[in-house]
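As the structure is a prediction and not an experimental result, all values here were calculated from the model. Below, read A as the first sequence line, B as the second, and so on, with proteins coming before strands; counting in each chain starts at 1.
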Amino acid sequence: MIRTYRDYRGDFTETCEVCVIGSGPGGGVVAKELAEKGRDVVLLEEGGYFTAEDWDGRPARGIREMYRGCGTTGTLGNPFISVTLGKCVGGTSTVNSATCFRTPSPVLKKWRDELGLVAMTEDTLAPYFDRVEKIINVTELPWDLLGNNAKIVKRGCDAFGYSCRPLKHNVRSCRGCGTCQFGCQENAKQSVNVTYVPLADGFGARIYANCRAERIVASGGAAVGVEAVTVDPVSGRRTGSVSIRSQAVVVSCGAMITPSFLMRNGLRNRHLGRHLQIHPAGRVVALMDEVVEGWKGVSQGAYIDDFEDEGIMMEGVMVHPSLLLAALPGVGREHKEMAVRYNNLAVFGVMAHDETEGRVLKGFGKKGRGITALYQIRKSDAEKLKRGIAYLSRIFFAAGARRVYTSISKMPVLDSAADAERLLSLRVKPSQIETMAFHPLGTCRMATGPERGPVDPCGESFELKNLYVADAGVIPTSLGVNPQVTIMALSNYIADGINRRLAASPSAHSGRYKPS
Amino acid sequence: MESKNGQRREKRMLKNRDAAVLQAVMNAIIPRGGAFEQGAADCDLLPRANEMLARYDPGIRALFPLMLKYIQYGALLRTGRLFTSLDEARGADLLSAMERSPFFYRRTIILLMKLLTMLSFYEDDEMSRLTGYEHGCHLQ
């Protein structure tokens, strides 16, 4: 049973072997894998628990109820970059576009060669990828479900000899309703809330939604429990307190939250919160003469990886009018002229395999709940975005676009392929690109020693025994592809490590539990 | 907080003065007339906006009234009149100029205002249908 705020009556205590904080692609996987191995697991999630019956796939409601800060979280720098994060059972997997990639081999090689993570080989990780992909049913969808948006870009790519291929998705019986980012209305998306969390529940894990971890309890240099509060989902106010005693604590709050939570709990490793990479992204919107109706089909259908050598990845993305029109130029009647052409718009995104490293700070406000992250995008990454946007514009013009809208303020509208060529040679500052990001990584990276990162390759903290991290934060570098499958596979790997260590020292915590 | 009919609602996030500026901004972003008749003034958008504001990241939530003041008094500097006293067309011109600004934080303010307005406005199926989008058609 997954308990929510409706089930809580005052304060309570729990005792378990492993307390997992966060139920996204990191925590959900750890909870299920450990519960399946017979471990006594408690899973805490600050956000609410929603089922297909609870939501309606409309953006306003989805953003209000399932996104952290109503989608306003981001990084400060040149410019402000919106980094949206899920806040619900299943975490960001509940509200992402269901795109799946394995960790690219060159990235694993970099981890081994430059960071000394010798265990990170294709052979070591293959069984984990296989297992994850089987559970979340990673599959390739037919072109009919990918929508006209993908077909138009494929037509443009064919003109240049580029390859536009279907993305793999974690879906089952998907009908392509296109509302993936606001909760799948048909449970077709095999996100963590419909796969790992119910499985964990079935294996006996106790799952508490609307329950926010406030403090890690430590004693004798080891984590021995968690203090949490139950929260009202609307006001965010506490309604009760929860004390959990456990042999191990796993923090899986995501790369933007975990470091500040750990810093507030006294961890001091100098790499904690650093090395933030986010895959900064731009967009290209094409106005077509033909009817596109891009919302008929999965939101993110196809991708182009021909520019991988330049650190550029392109993926289709179609969203509800409220979000797409807000991102396009135009206010007042100009906006309305654009709004009635929504069905003639095709959209593709550009993602940079970033070299920039940002930083998550301790947070501010009452109990540090406001996210503060800095990310000063480098010129080289801005150049990748500009080039990607110019290449995509070329592709759209080859596919018959009448006009292209870019996310570059210096040249927001292109009227011909010649304009796309001019854009390619234009000098663009990072602050002139309206940038978004969806994949924060690396702020709690796994490392061979405390001088290189806050946690070891099994996710255990170098500073506090029995404290583990299992989320996007442990991924040591930018991936260049969507990270959910990597997060899940590494979390499964970490779960196996936790299980081994618990088996080796059944009474690992020697300290006394002292609730405040 | 519970209303009389048992529905949960948030406390008001903006003071009356700021709410009036936000309403004027919304009316300028989606005015009446043009490609379709309905505008922000035809819908009760402030309660929907309030629901979103209540859940904003604390940093952005704290800055939001300052952004509204920037628009309100920025208009005074540029046109000699407060934003709330401009008609929709002049308001839209002013916001358009901000949207084209070389300073990214000025552009970010407008992006945030547009997002809030459009999420609230197109939340109505009737309004999103004006763009040709048909919510839930796949389920029929």
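- Between F64(B) and Y56(B), the ring planes are perpendicular. Angles over 60° get that label, and only those under 30° would be called parallel.
- The closest donor-acceptor contact from the side chain of K189(A) to the backbone of C174(A) lies at 3.5 Å or more, if one exists at all.
- At a 4.5 Å heavy-atom cutoff, the contact between R32(B) and chain A is made by backbone atoms alone.
- Chain B forms the most heavy-atom pairs under 4.5 Å with one residue out of S431(A), G74(A), G71(A), and that residue is S431(A).
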side-chain contact (heavy atoms from CB on, under 4.5 Å) assessment of R78(B) paired with F83(B): CA-CA 10 Å; R78(B) 280 173 183 76; F83(B) 190 86; over 6 Å; no
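- Neither the backbone nor the side chain of F103(B) comes within contact range of chain A; no heavy atom of the residue lies under 4.5 Å from a heavy atom of that chain.
- With a 4.5 Å cut-off on non-hydrogen atoms, D125(B) touches chain A through its side chain but not through its backbone.
- Highest contact tally toward chain B, considering only G77(A), P412(A), A327(A), is held by G77(A) [criterion: heavy-atom pairs under 4.5 Å].
- Heavy-atom pairs under 4.5 Å with chain B peak, among S82(A), A339(A), G69(A), S409(A), at G69(A).
- Using a distance-only test at 3.5 Å, with no hydrogens or angles considered, a donor-acceptor pair links the side chain of K114(B) to the main chain of L328(A).
- No part of E88(B) comes within reach of chain A, as not one of its non-hydrogen atoms sits under 4.5 angstrom from that chain.
- There is no contact between L345(A) and chain B, counting heavy-atom distances below 4.5 Å.
- Salt-bridge formation is detected for the pair R68(A)/E46(A): a Lys NZ or Arg NE/NH1/NH2 atom is positioned less than 4.0 Å from an Asp or Glu carboxylate oxygen.
- If you measure heavy-atom distances from L130(B) to chain A, the contacts under 4.5 Å come from the backbone alone.
- Under a 3.5 Å cut-off, the side chain of Q185(A) and the backbone N or O of D56(A) do form a donor-acceptor pair.
- Aromatic ring centres of Y133(B) and H320(A): separated by under 6.0 Å.
- The choice from A62(B), P102(B), S128(B), G33(B) that makes the most heavy-atom pairs within less than 4.5 Å of chain A is G33(B).
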